Amino acid sequence: MALRVYNTLTGKKEEFVPIHPPKVGLYACGVTVYDYCHIGHARAAVAFDVIARYLRSSGYDVTYVRNYTDIDDKIINRSNEEGIDWRELAEKFIEAHDADMGALGVQRADVEPRATEHVDDIIRLVKSLQDRGFAYEVDGDVYFEVARFKGYGKLSGRNPEEMRAGARIEVDERKRDPLDFALWKSSKEGEPWWDSPWGKGRPGWHIECSAMSAAILGQPLDIHGGGKDLIFPHHENEIAQSEAEAGREFSRYWLHNGFVNIDSEKMSKSLGNFFTIREVLERYRPEVIRFFLLSTHYRSPLDFSDQALDEARIRYERFMNLFARVHRTLAEDRQMNEVESRSLRALSEELEPAFRQAMDDDFNTAAALGHLFTALGTLNGVLDGVEAVAGKISGHWKKGVDGFFRQVGGSLGFFDDGIEGGPAYFAASRSGDDEAEGKAQVLAEEREDARKAKDWARADELRDRILELGFTVQDTPQGPVLAAKK
RNA sequence: GGCGCCAUGGCCAAGCGGUAAGGCAGGGGCCUGCAAAGCCCUCAUUCCCCGGUUCGAAUCCGGGUGGCGCCUCCA
């Protein structure tokens with residue numbers, strides 16, 4: 001079964017064929033570091049994290065590059081507002097970005113370049129464009145001349161003539177054409193600058209990705225991606241710069257993730273309707289947020305709401321409940337019986353292939369997760385049978401279940417600890433209150449004694465007190481099991 | 001104004017020409033001292049509307065209606 005991906009450039013789903021298999025060069029646009037990341041940034045990061053993970057699990061040798069744009073007007077403005085050095089500001093938000101994304105299980109990219117580390121490459125690229133007649137200088141600023149590049153508009157499906165006719169492009173007298181965009185900007189007094197053939201200045205917005213991707217991955221790239229809002233002008237301009245300079249294709253496939261919406265409207269800084277990752281992390285577990293983000297196909301819009309997060313939590317906890325249950329079920333060293341082996345065959349012969357088929361279809365995590373829920377019913381059913389006769393499960397079965405979830409979870413960024421992850425999830429240490437857990441544990445034992453004495457009033461009272469400590473209690477065949485609420 | 005995307009049960013959500021996955025919520029049953037967790041059954045003759053193509057359409061085409069996005073910084 002071949003992997004198929006939706007390519008923005010062609011508007012179609014195509015079979016994925018790397019240029020130099022098994023190597024895959026993947027470049028995703030990262031963030032401009034002038035503020036904390038919101039859930040929209042998280043979605044993009046998680047989407048491309050899953051893409052990189054799944055490509056690897058499919059046998060590709062992926063080099064994943066995700067940049068930080070650490071020099072830009074917004075950074076300069078923000079640093080002036082806060083009265084701190086722009087470098088310090090960028091550093092602060094790079095650290096915050098790494099912490100937030102790390103919490104969500106986003107793996108580090110293989111290379112995470114910063115624009116300021118590649119100013120030499122940027123200057124070389126701008127100079128080359130100028131030498132080739134695609135760029136012109138005006139008082140220390142260098143612009144890309146869109147009219148000289150014939151393919152302009154091919155990614156976003158626009159044509160330059162119509163865009164010029166549109167009234168929304170602001171007129172800058174210094175540009176030969178309203179569509180021309182800055183490759184290099186002269187720096188004003190007090191602004192960051194680098195020496196260049198055009199005097200002191202700094203990179204324009206789009207040029208850093210062209211320069212860094214070529215410097216690190218070479219050209220053409222296999223995949224270039226980012227949020228849908230980057231299609232125009234950012235990625236369109238990258239194509240113009242890179243293809244004009246190199247005279248060949250910039251990237252084979254272009255992948256773009258959809259937005260996170262609030263009440264059906266795009267979450268964005270300008271609308272003010274955004275939630276930062278850290279805000280949401282105060283209310284929901286990182287795994288739950290990740291599960292929410294992967295519950296819809298990456299190209300579709302995704303509505304953010306407490307209701308949606310609550311449902312994601314319930315859904316995610318069904319897996320954790322299963323894991324905790326498997327974990328505490330006693331195992332014995334024997335061959336699997338018919339029921340056990342049939343359930344594992346269902347995993348390996350039906351569910352795992354179905355999972356991969358879904359992921360092969362343009363990384364359809366929503367459909368892939370659907371198949372995992374099917375596994376849930378089968379596996380819980382096996383445990384029901386074991387508990388009904390107060391028996392033990394085969395150790396091979398336990399191992400098989402653990403292996404299955406580690407395997408599929410590896411592509412999604414879940415279930416790293418397999419079955420062990422169940423009890424760990426419900427433990428209080430995750431919410432940082434070991435003391436309360438200790439107390440609750442004592443009460444749970446008292447309650448168990450009361451239950452054995454059939455003192456139901458006492459048992460119920462103890463359960464209420466445990467609840468007040470922030471725990472629910474389940475009476476299982478293996479004894480009482482606590483779970484942190486939250 | 002230009003370009004584009006979307007519309008599936010109460011809610012979320014797969015589906016990409018072959019006769020509606022999955023989850024949440026709801027109803028019934030089992031299990032339980034009661035719960036919780038879990039299991040079983042149930043829950044869209046129908047996919048915004050109207051035409052068309054086809055043996056066959058949620059899926060393709062045309063026209064509506066509604067929502068959204070990009071065209072300026074934006075994941």
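Please read these numbers as outputs of a predicted model, since none were measured by experiment.
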Testing B:C24, B:C34, B:A14 for proximity to the side chain of A:R463, the answer is B:C34

Taken to the nearest whole Å, CZ/A:R328 to P/B:A36 is 15 Å

**Study point:** Distance below 4.0 Å between A:R451 side-chain N/O and B:A35 OP1 or OP2
**Key:** no

Taking for A:D460 and for A:G377 the nucleotide of RNA chain B with the nearest heavy atom, the one nearer the 5' end belongs to A:D460

- Distance below 4.0 Å between A:R299 side-chain N/O and B:C68 OP1 or OP2: no

OP1 or OP2 of B:C70 under 4.0 Å from side-chain N/O of A:R158: no

Taken to the nearest whole Å, CZ/A:F292 to P/B:C11 is 17 Å

If pairing means Watson-Crick or G-U wobble with both distances under 3.5 Å, then the partner of B:U32 is none

Do any side-chain nitrogens or oxygens of A:K266 fall under 4.0 Å of OP1 or OP2 in B:A75?
no

Q. With a distance cut-off below 6.0 Å to the six-membered ring centre and an angular limit of 45° from the axis, does A:K13 pair with A:Y6 as a cation-pi contact?
A. no

Assign each of A:R315 and A:S300 the nucleotide of RNA chain B bearing its closest heavy atom; nearer the 5' end lies the nucleotide of A:S300

Report the relative orientation of the aromatic rings in A:H234 and A:H206; use parallel for angles under 30°, tilted for 30 to 60°, perpendicular for over 60°. tilted

A:R78 CZ to B:C73 C1', in whole Å, measures 13 Å

Q. When we call it a touch if two heavy atoms are under 4.0 Å apart, what does A:T472 touch: a base, just sugar-phosphate, or nothing?
A. nothing

Next on the checklist: If the cut-off is 4.0 Å, is A:N380 near the phosphate of B:C39, judged by side-chain N/O to OP1 or OP2?
Outcome noted: yes

Which of B:G33, B:G23, B:C70 is nearest the side chain of A:W456? It is B:G33

Answer yes or no: is there an ion pair linking A:D49 with A:R66, defined by an N-O contact shorter than 4.0 Å? no

Given the options A:I71, A:D72, A:N80, A:W86 meets side chain to side chain contact (heavy atoms under 4.5 Å, CB included) only with A:I71

Is there a stack between A:F373 and B:G22, judged by ring centres under 5.5 Å and planes under 30°?
-> no

* Asked: Any N or O donor-acceptor pair linking the side chain of A:D475 to the base of B:C34 at under 3.5 Å?
  -> yes

Which of B:G15, B:G38, B:G69 is nearest the side chain of A:E265? It is B:G69

Is the NZ or CZ atom of A:K269 both under 6.0 Å from the centre of the six-membered ring of A:F274 and within 45° of that ring's axis? yes

